[in-house]
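A short worksheet on the structure shown next.
Each ligand, and each atom within it, is numbered from 1 in the order the structure gives. Just so it is clear, the values below take in all heavy atoms, side chains as well, and ignore hydrogens, waters and symmetry mates.
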Amino acid sequence: MSLIHRLPVVLVSLTLFLVLVLRQLNSGDTWNENTLAEQASPVLQELNEDEKYDVEERPPVLYAVFGSSTPNGENYRSYDYAFNLPLTALAWERLGFRSVVLIIGSRCEWENDPALSYILSHLEARRAIIIFIASPLEQRSKLSQTARPFTVNLPGFPGRDNDYLITSDSDLWPLRKEHYVPRPNMDIVLVHSTCCRPFKMNNQSYPMYPMSNIGATVSIWRQVMNDNHSIADDADTILNYLEDVFGDMARGSLIVGQPTWYMDQRMTSIRLTEWMQKYGNESVYRVSDVGFSRFDRLNWNVATTPKKNFLLKYDAHMPLKMYLPAKWNSVRPLMHWMYGAQSWQTKWCEDYASGFLNKVKNYMRLQLFVAAENSRPVAILGDLQHGHSQQVD
Ligand SMILES: *[C@@H]1O[C@H](CO)[C@@H](O)[C@H](O)[C@H]1NC(C)=O
Ligand SMILES: *[C@@H]1O[C@H](CO)[C@@H](O)[C@H](O)[C@H]1NC(C)=O
Ligand SMILES: *[C@@H]1O[C@H](CO)[C@@H](O)[C@H](O)[C@H]1NC(C)=O
């Protein structure tokens, strides 16, 4: 037989062989939690952006940056922000963004703590870019509030000039894509730009642009932050930079109401104003909030809000202690709306939250035992005993 005649036979055998091999792979029960999580994510099956495209033609990558300090173990509440990180990364993934997570502390601390290494592995499953910023304990909370505008300078940030970076918070889930994406021919995207009153610095008035979301291309971020200023790319140089703007106050403790409160927001607002004075504001896009609002933990009403009104929410300011079952139950309607009740994303979040609770349960009981000397935190104990239910509404 000639090769031409044998070809169909070869193809059929090859297909059969592949099907068998794939079946074998899928039926193996050797998958651990992480490979399952990775397998579930379509994003993870893509090639690395750089492998797929030449440098020139690669479409811009959209990055969202948010951060967390390292929980100090003094109180289970300090896990609040850290717990949110993978969930918030998934919320950004839903809109087509890749997360950059700034962690004030060291990788070693996170790898050696069972709850933190659990968070870390789930961040990695989301392909988040994790950047650790080493810092002495007393400066950590300040740095976790001020590091974001320096992201483009940090070693480990992979963004190129034409990529786009938007700042955000670890306890904000973005919902309305149109609020956050870059606009054609625009250098800067300001979200909620009319939210706040102007502030005064050095006898000059500046508009206040909230850090919750400021977007710009990477090259514009570099221009805004670095032109004519020292380049800050680690804990010490960031504090030096802030010292240049705020004086000695920058290294002191944070006091509500002082100019150092919301230091990054004031500093970034000043830099953006200077940038607009130099380059004009034609390439600055201000997203309108008219007709839209936020789901806020202060009035958490996702269970009673009609689903059609979810489209009028730009983001959700997530409840604290979300890993506690009662809080988690209250978040579920939002999660189901975002991802679908039967989606891999919802399953991934459920598995993550219950796994996390198991990691911190003993630790929390110990905390409660110690706290019981003074008071009886009955509510939280009751909460723990109910465990996670998997009901679907
Ligand atoms: C602050 O600005 C006001 C009005 O522009 C001016 O009269 C005043 O002298 C300024 N004060 C200082 C300390 O520069
Ligand atoms: C930086 O300084 C140079 C020289 O003074 C000036 O021409 C330029 O406009 C400044 N750039 C910015 C962004 O302020
Ligand atoms: C943009 O710049 C122009 C000219 O400087 C100014 O009149 C206008 O108020 C600015 N727009 C905003 C929204 O700041």
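- Within the 4.0 angstrom cut-off, atom 11 (N) of ligand 3 has one or more protein heavy-atom neighbours.
- Aromatic rings of Y262 and F199 (six-membered ring for Trp) have centroids beyond the 6.0 Å cut-off, not under it.
- A ring-centre distance under 6.0 Å is found for F356 and F83.
- Taking every heavy atom of N281 and a limit of under 4.0 angstrom, the matching atoms of ligand 3 come to 1 (C), 2 (O), 3 (C), 8 (C), 10 (C), 11 (N), 12 (C), 14 (O).
- Classified by interplanar angle (parallel below 30°, tilted 30° to 60°, perpendicular above 60°), the ring pair H179/H192 is tilted.
- Both tests do not hold together for R126 against W92: distance to the six-membered ring centre under 6.0 Å, angle to the ring axis within 45°.
- Linking Ile, Leu, Val, Met, Phe, Trp and Tyr residues whenever their side-chain heavy atoms come within less than 4.5 Å places M267 and L154 in a single cluster.
- When non-hydrogen atoms are compared, ligand 3 lies under 4.0 Å from neither the backbone nor the side chain of M276.
- What sits closest to atom 14 (O) of ligand 3 on the protein, heavy atoms only, is R286 NH2, 3.4 Å.
- Of the protein's heavy atoms, at least one falls inside 4.0 Å of atom 2 (O) of ligand 3.
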